[in-house]
Number of protein chains: 2
Amino acid sequence: MTVTIKDVAKAAGVSVASVSRALNGHQSVTEGTRRRVREAAERLKYIPHGAARSLITRRTHAVGALLPDLHGAFFSELIRGIDLAARAHGLHLLLSSSHGSAQEAAAALQSMRGRVDGLLVMSPHADDAFLRENLSPNLPSVLMNVRNGLGHQYTTLMPDNVGGARAMVEHLAACGHRRIAFIGGPAVNFDAQERLRGYMEGMASVLPDATALSLEGDFTEESGHRMGREALKLSPSAIFCANDMMAIGCLSAIREAGLSVPQDVALAGFDDIPMARYLTPPLTTVHVAIAELGSSALTQLAMAVESPDTYVVSEQTLPTELVIRDSCGFRATSVPSPRGRPAPAITTA
Amino acid sequence: MTVTIKDVAKAAGVSVASVSRALNGHQSVTEGTRRRVREAAERLKYIPHGAARSLITRRTHAVGALLPDLHGAFFSELIRGIDLAARAHGLHLLLSSSHGSAQEAAAALQSMRGRVDGLLVMSPHADDAFLRENLSPNLPSVLMNVRNGLGHQYTTLMPDNVGGARAMVEHLAACGHRRIAFIGGPAVNFDAQERLRGYMEGMASVLPDATALSLEGDFTEESGHRMGREALKLSPSAIFCANDMMAIGCLSAIREAGLSVPQDVALAGFDDIPMARYLTPPLTTVHVAIAELGSSALTQLAMAVESPDTYVVSEQTLPTELVIRDSCGFRATSVPSPRGRPAPAITTA
DNA sequence: TGGTGTGATGAAAACGGTTACATGAAATTC
DNA sequence: GAATTTCATGTAACCGTTTTCATCACACCA
């Protein structure tokens, strides 16, 4: 049925050991033998059995990625980054996304053990208890967008949520806004916490006399719409949403109130999803290099896998970029030009 | 170091065979033995070695997905659908995307063999020769969005590109348009071919006296912009783009020509990416149930894997839906309302 | 009581590779 | 020319699991 190393050995007239050596580029093999083996393997279309190999080598050359139930641009960009880096490191990617509960996430992790050399974890359920329970210490793991309280036991990467949000507040203040409302994400979400913190810090440092006007949404367009209506009651001159989808919802709430952006209310988002520049008006937002987050995380993981002894755990913050478009009233062109550099950008830490 | 079945056997005072039987729910095991084994396994935190198991069982409980280098909503939706169905069938997902060339795709397939029980293939490079060369006949495989010329050797799924494009032409004609230009995708692309065919068929059946006005883009926004300019030279009353991104590019080309949509020129796209309803004006397009495509494909594959003897290869077409918004001039509301049903929809075959 | 069926258990053979070690021939050294 | 090194190759052990087959105790039946 399937052709094994024995078949190749027989066909080439050598032992299985020689086949293994020849095919794996071991040095002590005659050129003639190597050629005959190569030819036989080629002819028989021999493909080594991955499981058998990893049984003895204790390497699967695969890493697992545990991702939350997210869709849209964020998700695809993240995977793109991860996948690209994985291929560069010769690693396979075992993907498990869209798990809604902590139990599901735990089950996914369980079933991955023994199949992967390392783990990439981004999950809203990934608190300390969860990690302690479900992450084996001898399996290299890298975390994304989680608070890592475990004594720096795991490498952690996250976008500079605080810096990005701060920069946005500073920009809005520089545009002359004083009453800046903030529509945050769910309080349990780590990114949401960080962005709220950035908003607070920004307000405190740039507008110490102004009151912080903060509402809690849940990152969905619908909640942006709902909270946008609430926010308008505070008569703000600018509304800063913790992500772009909420900003979209907020935009329609503003319109429904008979107001226009940016003339009556300035609007800003966070993430810079592709849609942001096609809105009317184009949305001022904070760009997060998501693909880069994914590929950096995987590169870290690859290093941890390849040389566990010399690898040092670290905590990395990826810079964000302020992308100024029209919705904040800073400038006023209207038709997005295709493939042009998006807008003036300011990079944060 | 790692705890194996032997350690559990020793701890429970039984043989490895009994441990295996107890843990895998074999019937001929005493309740007492089973309990002791369970306890020992629990205590030692034993997790079976996947590679060792799949070496003997010849099952990896994983399927591979070979996807093209695409990003954005299409990609994430597809993966979501696949992943969801995979979890439902207890299968792991080995992902390999973003391979640019046929060689890379071939290499990816190569390195997956022996690690997966089945293969999900969507690739622009997946023509007959490629498939014959790189797909082993004893590895169940399901194809998406490819022309399957191999005597129905593989199950194939694809959206109803022809029907969707036809329906759009019919709708535009019903709106009173006679000069309907079409900006297609790259001629080598299968989806592009089908959508062009749908356009042609639609024109022939509904507007037999009108000339087909067809241009070739490459599915990018930029080409939509470029071809949009060309299309305008043909003084069309409607432009139908083979995907939404090109429609976006086309929209800006129309604006730059000093014309407006839909008053001067009607515009339509294909795919219904999330962005489509947020454009100004909201884009009339053809909705493709991408997640469903992915999950259906995986379900087919799971069936093929689980019962290869009774499985029958099939060819499935997933219905598309006409989504009528404002860009075609059919109606004229303007602000997209959040979470509302998108628009009147017409389902095709 | 002796034969027989039954059901739990253990020993050992797979699965398909890699690699330590043994072997023997050729090359090198004296 | 004998001793010794070198080096390509083969033999066999091993990785961790499942599963076949043999074994053995036990209850059952005549």
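Reminder, nothing fancy here: chain letters follow the sequence lines and each chain counts from 1. This one's a predicted model, so the numbers in the text were calculated from it and none came from an experiment.
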To the nearest angstrom, the CG-C1' distance between B:Asp7 and D:dC15 comes to 13 Å

Which nucleotide wins on minimum distance to the side chain of A:Ile56, given the candidates C:dT9, C:dA11, D:dC15?
D:dC15

Starting at atom CG of B:Asn24, determine the distance to atom C1' of C:dA8, rounded to an integer number of angstrom.
17 Å

Separation between CG of A:Leu135 and CG of A:Leu143, rounded to the nearest 0.5 Å
7.0 Å

So which atom in B:Ala41 and which in B:Val8 form the shortest heavy-atom distance, rounded to 0.1 Å?
N-CG1, 4.0 Å

Ranking C:dG17, D:dT18, D:dG10 by distance to the side chain of B:Thr57, first place goes to D:dT18

Which residue lies toward the 5' end of DNA chain C, A:Val19 or B:Ser18, if each is placed at its nearest nucleotide?
B:Ser18

Can you check whether B:Arg53 has a side-chain N or O nearer than 4.0 Å to OP1 or OP2 of D:dG16?
no

Per atom distances to the A:Thr30 side chain, the nearest of D:dA8, D:dT17, D:dT19 is D:dA8

Starting from the 5' end of DNA chain C, give me the residue, B:Leu55 or B:Ser28, whose nearest nucleotide shows up first.
B:Ser28

Look at B:Thr4 and D:dG16 and indicate whether a side-chain polar atom (N or O) is within less than 4.0 Å of OP1 or OP2.
no

Would you mind telling me which of C:dG17, D:dG16, C:dG10 lies closest to the side-chain atoms of A:His49?
C:dG17

Could you tell me how far apart B:Ile5 (CD1) and D:dT19 (P) are, to the nearest whole angstrom?
11 Å

How many whole angstroms separate atom NZ of B:Lys6 from atom C1' of C:dA11?
13 Å

Rounded to whole Å, how long is the line connecting atom CZ of B:Arg59 with atom P of D:dT17?
19 Å

For the pair made of CZ in A:Arg34 and C1' in D:dA8, what is the distance, rounded to whole Å?
11 Å

Just how far is it from atom OG of B:Ser96 to atom CG of B:Leu120, taken to the nearest 0.5 Å?
12.5 Å

What about A:Arg21, does its side chain sit under 3.5 Å from the base of D:dG10 through a donor-acceptor pair?
yes

Tell me the interatomic distance from B:Arg36, atom CZ, to C:dT9, atom C1', rounded to whole angstroms.
11 Å

Roughly how far, to the nearest 0.5 Å, is CG of A:Asp191 from CE of A:Met144?
11.0 Å

Per atom distances to the B:Thr33 side chain, the nearest of D:dT9, C:dT9, D:dT18 is C:dT9

Between C:dT18, C:dC15, D:dT9, which nucleotide has the shortest distance from any of its atoms to the side chain of B:Arg58?
C:dC15

Calculate, to the nearest 0.5 Å, the distance between atoms OG and CG belonging to A:Ser141 and A:Leu131 respectively.
8.5 Å

Give the rounded distance in Å between these two atoms: OH of B:Tyr46 and P of D:dG16.
10 Å

